[in-house]
Amino acid sequence: NHIIICSTHFKRLVLMDFLNEFYSNSRHKDVHSVVLVEHELPSSLQLDLSHPVWARRITVLIGSPLCQADLTRARVQTAKACFLHTTRNETDPDTADQHTIM
């Protein structure tokens, strides 16, 4: 029972806001999250995710949602949902969305 969260890069507040909102729903308490990101997460975000509240719920995979092998590692075939995130406050949000989707 898992979801996948993808982004070209995560900002700390974007991911933490999403996780806090997602897990605030009691129906999601046993759902595992796989974070699929192209580059290593910033150290501040790694520290947040190492907290026991998150460490048992979150797996971080370095990879691309455009790579079949990475999607297989994330078990996309059995995921309940896949969330694609773009960064907030982009100067060109349409281009950012296109980059995230592609």
Side-chain angles (χ1 to χ4, degrees):
N1 192 18
H2 75 288
I3 63 166
I4 300 172
I5 308 164
C6 302
S7 181
T8 52
H9 66 282
F10 279 107
K11 293 196 176 187
R12 181 177 175 267
L13 289 178
V14 173
L15 182 59
M16 295 312 295
D17 284 351
F18 175 84
L19 292 172
N20 282 313
E21 185 172 336
F22 182 81
Y23 285 108
S24 70
N25 185 321
S26 62
R27 294 180 303 174
H28 299 151
K29 67 181 175 95
D30 294 324
V31 175
H32 191 82
S33 293
V34 176
V35 176
L36 182 60
V37 64
E38 292 180 352
H39 306 286
E40 190 168 321
L41 295 174
S43 57
S44 61
L45 187 50
Q46 289 179 26
L47 183 61
D48 288 339
L49 296 179
S50 69
H51 188 281
V53 169
W54 300 117
R56 65 182 179 84
R57 293 179 166 165
I58 310 293
T59 299
V60 177
L61 296 178
I62 307 300
S64 170
L66 299 177
C67 175
Q68 185 60 44
D70 293 336
L71 291 173
T72 300
R73 281 190 312 132
R75 298 182 300 133
V76 71
Q77 311 88 310
T78 60
K80 299 293 182 192
C82 185
F83 297 91
L84 303 174
H85 285 266
T86 187
T87 56
R88 295 179 185 164
N89 304 321
E90 285 289 330
T91 55
D92 186 0
D94 290 335
T95 300
D97 286 347
Q98 289 172 359
H99 181 57
T100 299
I101 293 169
M102 295 307 289

Do Val60 and Phe83 belong together in a cluster built from hydrophobic side chains that touch within less than 4.5 Å? yes
Does Ile3 belong to the same Ile/Leu/Val/Met/Phe/Trp/Tyr cluster as Ile62, with side-chain heavy atoms less than 4.5 Å apart forming each link? yes
When the ring planes of Phe18 and Phe22 are compared, do they come out parallel, tilted or perpendicular, using 30° and 60° as the limits?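 It falls in the parallel class, under 30°.
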For residues [X] and [Y], report the shortest heavy-atom separation together with the two atoms involved.
X	Y	value
Pro65	Cys6	CB-SG, 4.0 Å
His32	Arg57	ND1-O, 3.2 Å
Ala74	His2	O-NE2, 3.1 Å
Ser64	Asp70	N-OD2, 2.8 Å
Val31	Tyr23	O-OH, 2.6 Å

Could you list the residues that satisfy side chain to side chain donor-acceptor pair (under 3.5 Å) with Gln77, not counting sequence neighbours?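 By the side chain to side chain donor-acceptor pair (under 3.5 Å) rule, Gln77 matches no residue at all.
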Steps toward side chain to side chain contact (heavy atoms under 4.5 Å, CB included) verdict (Ile5, Leu19): CA-CA 10 Å; Ile5 308 164; Leu19 292 172; 3.9 Å; yes
Please check this pair: side chain of Arg75 against backbone of Ile4, looking for a donor-acceptor N/O pair closer than 3.5 Å. no
How many angstroms lie between [atom1] in [X] and [atom2] in [Y], if you round to the nearest 0.5 Å?
X	Y	atom1	atom2	value
Thr78	Asn1	OG1	CG	9.5 Å
Arg12	Asp17	CZ	CG	9.5 Å
Leu49	Leu15	CG	CG	6.0 Å

Just wondering, do Val35 and Thr59 contact through their side chains at under 4.5 Å, heavy atoms?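 A side-chain contact is absent here, since even the closest heavy-atom pair is not under 4.5 Å.
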Give the C-alpha distance, both sets of side-chain angles, the deciding distance and a yes or no for side chain to side chain contact (heavy atoms under 4.5 Å, CB included) between Val76 and Leu36. CA-CA 11 Å; Val76 71; Leu36 182 60; over 6 Å; no
Side chains of residues 39-46: which donor-acceptor pairs under 3.5 Å do they make with residues two or more places apart or in other chains?
| from | atom 1 | to | atom 2 | distance (Å) |
| --- | --- | --- | --- | --- |
| Glu40 | OE2 | Gln46 | NE2 | 3.1 |
| Gln46 | NE2 | Leu41 | O | 2.6 |

